[in-house]
Amino acid sequence: MNVVLGLTMAAVLFRGGVLSSTMTAARTFAAPSVHTRGMHMSVKSSNPFSQAGRRAAVRSSVAPSPVQDSAGTIVDDGTVTLTRFMIEEAMKSKTPGQEDMVRLISSISVACKRIASMVQTAGISGSTGLAEGGGSVNVQGEEQKKLDVISNDVLKSALRPSGKLGVIASEEEDNPVVVDELYSGEYVATFDPLDGSSNIDAAISTGTIFGVFKAPEECLIGDSDNLSIAEQQCLEATLQPGTNLVAAGYCMYSSSTILVLTTGDGLNGFTLDPSIGEFILTHPNIQIPSRGKIYSMNEANYFDWDPKLQTYVDNLKKAEGQTGEKYSSRYIGSMVGDVHRTLLYGGIFAYPGDKKNVNGKLRLLYEAAPMSLIFEQAGGKSITGPGGRVLDLVPDKVHQRCPVFIGSPDDVDEVEKALA
Ligand code: FDP
């Protein structure tokens, strides 16, 4: 289930007294340091997860550094919440409009918390299963789950209180549509509210994916079915290449709820602490291993693939690829879960084009492009095929699909060479 939202963020965030006192605190207290434990990289293991997984885990471990005053009282426990992180980043940033970005990400994180809660209790609350008891189909011919529809509504309502939200495009609509008073101004956001929802009834991980673009220029759209050319142009603000993304991220609903975010200056991961209802920085400055030992693709499509891709995968299985090592296969069939594992452990995730679907399955604007920015920010790569960087692809329609090969730089280079 996918949605595109257009919104304007007013630059008012830093005017409140509470925030200015937080800013003072951020200046006064030392930033929490990142602690890493020793690694034993010389230990060889046949377990594909061992070294790469450990490497990612070491990079990810964060222990807060409490700050005490002269009397020994803890004045800052060192925990970095998402809000604190965003405010501190906005203060450091020289890019105008970062205050608005704080507000936008904050709204998205609230939606993620709500969706996480609903996903966790879906089996109890009766929200599993198909929307409208079945037969509810989106514009792409996919049957909607109840939680697809609910997640879409949650995102809308989380963003609406600002009074800025007004344009929505979803899988049920061919194009973005006006659903409310619309001020499509500074930012345009694209969403897949519940990616991987075909897994939801089996309690398998799902996620929300989002990307944020700058709108080309301020525009106001009325609440009418007959849009003027200027209004249509506002809606088309979503049709930008991934190189224009100013932020991207995903929330993963799994054994824990994790929000991975980039605003164009590195990649950071936050884990929801359910006891306080806050996302806490747990994965600072994520870097993907340069090479992994896992490939992740739907091999049921093998016989429809390009023979070069078949040979590449055959080689990984036979330990005849560039590394000479045998790869493992892991495929959840839920992009956020598969991509999150790839980000931490390294390797490659792909949804290639095939004989039946030349552009594969994944949607450019709210799946491929945001994930590509995320991976590039972590030192990874993402291509559609030889010479085709996903982020360079200019969409010509909202629900456009594209082939994706995404992962560790050495693995993506290898598949690119194999397909050339
Ligand atoms: P879903 O249909 O369950 O929403 O693009 C959506 C997606 O899941 C991705 O999350 C996932 O990677 C892919 O489809 C799985 O497709 P296949 O079932 O064809 O492997």
Side-chain angles (χ1 to χ4, degrees), residues 2 4 140 188-192 195-196 207-214 237-250 260-267 286-288 290-292 295-298 301 305-306 308-309 312 331 334-343 346-354 357-420:
N2 312 296
V4 181
Q140 293 163 88
V188 171
T190 65
F191 285 94
D192 187 343
D195 190 75
T208 298
I209 307 171
F210 59 91
V212 181
F213 296 96
K214 281 258 181 195
T238 54
L239 298 181
Q240 299 188 51
T243 43
N244 287 0
L245 281 164
V246 291
Y250 60 79
V260 171
L261 172 71
T262 178
T263 52
D265 183 22
L267 185 69
I286 299 172
Q287 289 290 306
I288 188 170
S290 57
R291 170 73 83 169
Y295 70 93
S296 183
M297 305 175 201
N298 186 344
N301 299 327
W305 287 348
D306 179 341
K308 290 175 181 169
L309 181 61
Y312 164 78
Y331 188 73
S334 184
M335 187 189 191
V336 176
D338 282 316
V339 153
H340 187 69
R341 182 199 54 247
T342 306
L343 191 60
I348 188 158
F349 167 82
Y351 209 111
D354 58 41
N357 303 300
V358 287
N359 287 318
K361 180 176 183 189
L362 303 177
R363 273 57 60 108
L364 173 60
L365 271 173
Y366 35 79
E367 291 179 308
M371 287 301 193
S372 298
L373 181 67
I374 287 166
F375 270 64
E376 289 200 6
Q377 287 289 317
K381 287 191 171 181
S382 177
I383 60 170
T384 56
R389 183 180 173 224
V390 170
L391 289 181
D392 287 333
L393 208 54
V394 183
D396 53 28
K397 51 182 193 239
V398 171
H399 303 294
Q400 183 170 328
R401 299 171 195 264
C402 71
V404 178
F405 300 87
I406 190 167
S408 296
D410 293 355
D411 284 292
V412 176
D413 285 346
E414 181 174 353
V415 77
E416 184 169 28
K417 200 170 164 204
L419 295 176

- request: Write down the atom of Lys397, the atom of Leu365, and the distance for their closest heavy-atom approach.
  value: O-CD1, 4.4 Å

query: Does any non-hydrogen side-chain atom of Leu245 lie less than 4.5 Å from one of Phe213?
result: yes

statement: For Leu309 and Pro352, the nearest pair of non-hydrogen atoms, with its separation, is CD2-CG, 3.4 Å

Partner residues of Tyr250 under the ring pair (Phe, Tyr, Trp, His ring centres under 6.0 Å) criterion, sequence neighbours left out: His340

query: Mind checking what makes salt bridge (charged side-chain N to carboxylate O under 4.0 Å, His left out) contact with Asp392, not counting sequence neighbours?
result: Arg389

message: I need the Met371 CE to Ile406 CD1 distance, nearest 0.5 Å.
response: 7.0 Å

Residues forming a salt bridge (charged side-chain N to carboxylate O under 4.0 Å, His left out) with Asp413, sequence neighbours excluded: Lys381

field: Side-chain heavy atoms of Tyr366 within contact of Phe191, under 4.5 Å
entry: no

- prompt: Where is the tightest heavy-atom contact between Asp411 and Gly347, given as atom of each residue plus distance?
  reply: OD2-CA, 3.5 Å

message: Within the structure provided, determine whether Met297 and Trp305 are in side-chain contact (heavy-atom separation under 4.5 Å).
response: yes

message: Is it the case that the side chain of Glu416 and the backbone of Gly387 share a donor-acceptor pair, with hydrogens and angles ignored and the cut-off at 3.5 Å?
response: yes

statement: In short, Gly292 meets Ser408 closest at the heavy-atom pair N-OG, 3.8 Å

message: Once rounded to the nearest 0.5 Å, what's the spacing between atom OG1 of Thr384 and atom CG of Leu391?
response: 11.0 Å

message: Any non-hydrogen side-chain atom of Val336 less than 4.5 Å from a side-chain atom of Thr208?
response: no

statement: Taking every heavy atom of Arg363 against every heavy atom of Lys361, the minimum-distance pair comes out as NE-O, 3.3 Å

- prompt: Side chains of Leu267 and Leu343: does their closest heavy-atom pair fall under 4.5 Å?
  reply: yes

message: Going by the rule side chain to side chain contact (heavy atoms under 4.5 Å, CB included), which residues pair with Ala418 if we only count those two or more places apart in sequence or in a different chain?
response: Tyr312

- prompt: Which residues pass the side chain to side chain contact (heavy atoms under 4.5 Å, CB included) test with Ser296, sequence neighbours left out?
  reply: Tyr331, Asp338, Arg341, Phe349

field: Test item: Val412 and Ile383 side chains (from C-beta on) under 4.5 Å apart, heavy atoms
entry: yes

statement: Here the gap from Leu364 atom CG to Gln240 atom CD, rounded to the nearest 0.5 Å, amounts to 11.5 Å

query: Quick one: are Phe375 and Thr262 in side-chain contact, heavy atoms under 4.5 Å?
result: no

query: So, does Asn359 use its side chain to make a donor-acceptor pair with the main chain of Gln400 at under 3.5 Å?
result: no

message: Asp354: which residues meet the side-chain hydrogen bond (donor to acceptor under 3.5 Å, both in side chains) condition with it, sequence neighbours left out?
response: none

- request: Start with the C-alpha distance between Arg401 and Asn357, add both sets of side-chain angles, then the distance that settles side chain to side chain contact (heavy atoms under 4.5 Å, CB included), and finish with yes or no.
  value: CA-CA 9 Å; Arg401 299 171 195 264; Asn357 303 300; over 6 Å; no

- prompt: Less than 4.5 Å apart, any side-chain heavy atom of Val398 and any of Leu239?
  reply: yes

field: For the student: nearest non-hydrogen atoms of Val358 and Pro403, plus distance
entry: O-CG, 3.9 Å

task: List in chain and number order the residues that pass side-chain hydrogen bond (donor to acceptor under 3.5 Å, both in side chains) with Ser382, two or more places apart in sequence or in another chain; answer none if no residue qualifies.
output: Ser372

field: For Lys417, side chain to side chain contact (heavy atoms under 4.5 Å, CB included) partners two or more places apart
entry: Gln322

Residues which pass side chain to side chain contact (heavy atoms under 4.5 Å, CB included) with Asp410, listed by chain and number, not counting sequence neighbours: Ser290, Arg291

query: Are Tyr295 and Val415 close enough, and set up right, to give a side chain to side chain contact (heavy atoms under 4.5 Å, CB included), and what steps lead you there?
result: CA-CA 11 Å; Tyr295 70 93; Val415 77; over 6 Å; no

